[in-house]
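Following: one structure in structure tokens, then a few remarks.
Here the structure is a predicted model, which means the values were calculated and not measured.
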Amino acid sequence: MNISTLSKRLLTLLLLLCTATTFAQVNANQDEDIQEMVGEISAQNLRALVEKMVSFETRHTLSTTTDRKRGIGAAREWVKSEFEKYAKASGGRMTVEMDRFIVKADGRRVPQDTEMANVMATLKGTDASDNRVILVGAHLDSRATDVMDAKSKAPGANDDASGVAMVMEMARIMASRQFSGTLVFVAFQGEEQGLYGSRHLAERVKKEGWNLVAMQNNDIVGNSFSGETGLHDNTRVRVFSEGTPANETEEMTKLRRTLGSENDSPSRILARYMKMTGEAYVDQIEVVLGYRADRFLRGGDHTPFNQQGFAAVRMSEMNEDFDHQHQNVRMENGTQYGDLIDFMDFEYLRKNTAVNLATMASLGRAPYAPEAVAVITSNLTNKTDLRWQAPAKGKKPAGYYVLMRETSSPVWEKKFFVKDTKTTLGYSKDNYFFAVQAVDAAGNASLPVIPVPAR
């Protein structure tokens with residue numbers, strides 16, 4: 001081998017090493033402040049919040065609203081007062097409201113006209129030109145075996161004080177931080193009686209024209225043990241997302257069939273983003289993508305948002321324990337039933353909270369998504385030509401991530417950093433799916449945008 005050939009090979013190897021290093025740095029690039037926020041989540045705080053909610057004995061939607069120590073009314077007021085405490089750290093940017101509404105008797109689970117209320121804390125974005133909203137929610141109400149039993153003890157520790165505690169802990173930590181977009185934290189009422197609180201808010205969001213880019217619902221997220229099967233797993237959590245959007249038009253259906261993008265609905269894109277972001281910031285957790293709208297034949301507070309056409313997902317623990325869900329508190333044949341705090345895993349809840357926080361914070365700080373993302377089809381080629389436009393609103397991106405996965409893969413497998421608004425990749429569009437994100441200097445990336453054909 002002559003010196004010239006050896007030099008060329010060494011140069012090639014050096015270039016490959018540099019490329020590999022750059023690729024690793026792109027993947028590892030994280031927002032240090034988000035890392036700090038994740039580190040501030042406290043399992044002890046989460047336990048204290050759940051203990052307080054359990055102390056109201058029942059939070060059934062039809063329970064008392066006049067007793068100061070028991071029932072849904074007392075629980076709502078307490079959540080509101082906690083949000084107001086957190087708001088003091090926001091410099092006036094966080095506002096709190098009790099969004100009251102009347103549900104008419106439905107002949108099913110609401111026997112008479114009933115006033116309900118969602119407790120909401122809104123952290124206004126710091127960029128006046130950024131109207132994006134990211135919402136995280138969980139339901140405050142609880143139930144016993146009989147869904148109409150408003151008097152029996154219904155502690156609802158895991159279903160769903162776990163989710164509300166998560167939302168509250170996120171609000172506490174994030175209140176003092178700055179985000180370009182607006183963050184909304186919600187404790188819904190009426191989930192067990194028919195998703196009334198989330199339906200009310202989803203309709204309000206649609207009517208008022210919010211630019212809601214993501215809704216993260218958290219329901220039954222604090223137990224890692226399944227008594228029925230004996231499984232114990234605190235390293236995995238499920239995120240469910242709808243495939244075909246509920247509001248899909250004929251034109252959208254045609255495009256979906258053309259592209260073969262059945263797994264790239266707005267909600268699936270959000271779920272995949274949650275996995276990618278959450279696993280980057282949180283140790284010893286795997287976000288398992290559930291490719292259905294919810295658990296089998298079931299639904300949750302994300303469902304009304306899906307029905308209104310928004311990207312919305314549901315996080316739920318990997319293995320539900322049905323001895324401690326929708327059960328009267330009792331001892332029967334040596335088995336303890338009831339949704340009690342004793343059967344929760346607060347370290348698991350801490351990790352699940354961290355996944356939600358990292359997702360919400362990164363979206364809240366990311367640039368707007370790129371626009372007019374297209375795959376060029378004017379020539380037959382085994383390469384893929386992509387082009388897009390910089391977002392018209394918000395801060396200028398530091399660059400873009402081009403994501404790639406095989407058509408059979410549920411997750412993005414490669415990521416390329418691009419400074420320009422176009423690129424050519426040496427991978428065939430016949431064999432891979434692609435998407436483009438806008439990213440800032442701290443590594444916060446927008447939701448991916450799937451390209452459409454263009455000539």
Side-chain angles (χ1 to χ4, degrees), residues 43-44 46-64 67 69-72 74-75 108-111 138-166 189-195 218-238 240 288 290 292 294-301 314-352:
Q44 184 177 354
L46 291 164
R47 171 182 278 274
L49 292 168
V50 173
E51 286 176 344
K52 180 63 178 180
M53 281 179 269
V54 167
S55 76
F56 294 109
E57 296 186 5
T58 179
R59 302 185 308 278
H60 193 284
T61 286
L62 305 179
S63 63
T64 176
D67 192 314
K69 295 183 178 180
R70 188 179 193 275
I72 189 64
R108 294 179 59 254
R109 295 188 175 187
V110 181
H139 71 87
L140 182 60
D141 54 305
S142 64
R143 60 167 287 185
T145 304
D146 180 356
V147 72
M148 299 305 294
D149 181 358
K151 297 186 179 297
S152 293
K153 187 175 181 180
N158 193 37
D159 184 15
D160 185 32
S162 65
V164 176
M166 174 190 290
Q189 184 180 345
E191 193 269 354
E192 301 289 8
Q193 304 309 113
L195 310 179
N218 293 276
D219 195 352
I220 315 177
V221 286
N223 160 64
S224 60
F225 181 77
S226 171
E228 182 181 8
T229 62
L231 293 174
H232 182 209
D233 187 354
N234 69 352
T235 63
R236 296 190 298 164
V237 65
R238 298 176 293 180
F240 293 96
V288 178
R292 52 167 48 118
D294 204 317
R295 300 146 306 158
F296 191 63
L297 302 181
R298 299 161 79 182
D301 283 321
R314 179 214 176 104
M315 175 180 279
S316 196
E317 64 200 24
M318 198 66 203
N319 299 292
E320 296 178 66
D321 189 342
F322 298 109
D323 288 349
H324 308 294
Q325 185 184 132
H326 296 186
Q327 293 279 357
N328 285 348
V329 178
R330 68 194 189 279
M331 183 69 75
E332 188 176 290
N333 297 325
T335 299
Q336 177 68 62
Y337 292 88
D339 192 354
L340 301 170
I341 198 169
D342 299 347
F343 301 99
M344 290 181 62
D345 180 341
F346 288 95
E347 172 59 17
Y348 181 60
L349 180 56
R350 182 198 66 80
K351 290 192 287 188
N352 294 340

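- The side-chain heavy atoms of Asp146 and Ser152, taken from C-beta on, include no pair separated by under 4.5 Å.
- Remark: Arg47 pairs with Glu51 by the salt bridge (charged side-chain N to carboxylate O under 4.0 Å, His left out) rule, at least two apart or across chains.
- Salt-bridge formation is not detected for the pair Arg59/Glu192: no Lys NZ or Arg NE/NH1/NH2 atom is positioned less than 4.0 Å from an Asp or Glu carboxylate oxygen.
- For the salt bridge (charged side-chain N to carboxylate O under 4.0 Å, His left out) test, no residue two or more places apart in sequence or in another chain qualifies with Asp323.
- Rounding to the nearest 0.5 angstrom, the gap separating the CZ atom in Phe56 from the OG atom in Ser63 is 11.0 Å.
- Note that CD of Glu320 and CG of Asn223 are 9.0 Å apart. Values are rounded to the nearest 0.5 Å.
- Counting all heavy atoms, side chain and backbone alike, Phe225 lies closest to Asp321 at O-CB, 3.5 Å.
- Note that CG of Asn218 and CE of Met315 are 6.0 Å apart. Values are rounded to the nearest 0.5 Å.
- Residues Leu140 and Ile72 have side chains in contact (heavy-atom distance under 4.5 Å, counting atoms from C-beta outward).
- Between Asn328 and Ala144, the closest heavy-atom pair is OD1-CB, 2.9 Å.
- Heavy atoms only, all atoms of each residue included: Ala138 and Asp160 are closest at CB-OD2, 3.2 Å.
- A search for salt bridge (charged side-chain N to carboxylate O under 4.0 Å, His left out) contacts involving Arg314 returns Asp219, Asp294, not counting sequence neighbours.
- Here the side chains of Asp141 and Glu191 are in contact, with some heavy-atom distance below 4.5 Å.
- Looking at Gln193 and Met148, their side chains come closer than 4.5 Å, going by heavy atoms from C-beta outward.
- Closest non-hydrogen pair, Phe240 versus Ser316, comes out as CE1-CB, 4.3 Å.
- Applying the salt bridge (charged side-chain N to carboxylate O under 4.0 Å, His left out) rule to pairs touching residues 331-352 yields Arg330-Glu332, Glu347-Arg350, sequence neighbours excluded.
- Remark: Leu349 CG to Met344 CE distance equals 5.5 Å, nearest 0.5 Å.
- Take Glu57 and apply the salt bridge (charged side-chain N to carboxylate O under 4.0 Å, His left out) test, not counting sequence neighbours, and it matches Arg70.
- Taken to the nearest 0.5 Å, the CZ atom of Arg238 stands 7.5 Å off from the CD atom of Glu317.
- Taking the side chain as every heavy atom from C-beta outward, Thr145 and Gln327 approach each other to under 4.5 Å.
- Inspection of the Asp159 and Gln325 side chains reveals no N or O donor paired with an N or O acceptor under 3.5 Å.
- Side-chain contact of Asn319 with His232: a donor-acceptor pair under 3.5 Å is absent, judged by distance alone.
- Proximity of a side-chain donor or acceptor of Tyr337 to a complementary backbone N or O of His326 within less than 3.5 Å is not detected.
- The structure places OG of Ser162 at 10.5 Å from CD1 of Ile341, a figure rounded to the nearest 0.5 Å.
- Annotation: ring pair (Phe, Tyr, Trp, His ring centres under 6.0 Å) contacts of Phe343 (sequence neighbours excluded): His324.
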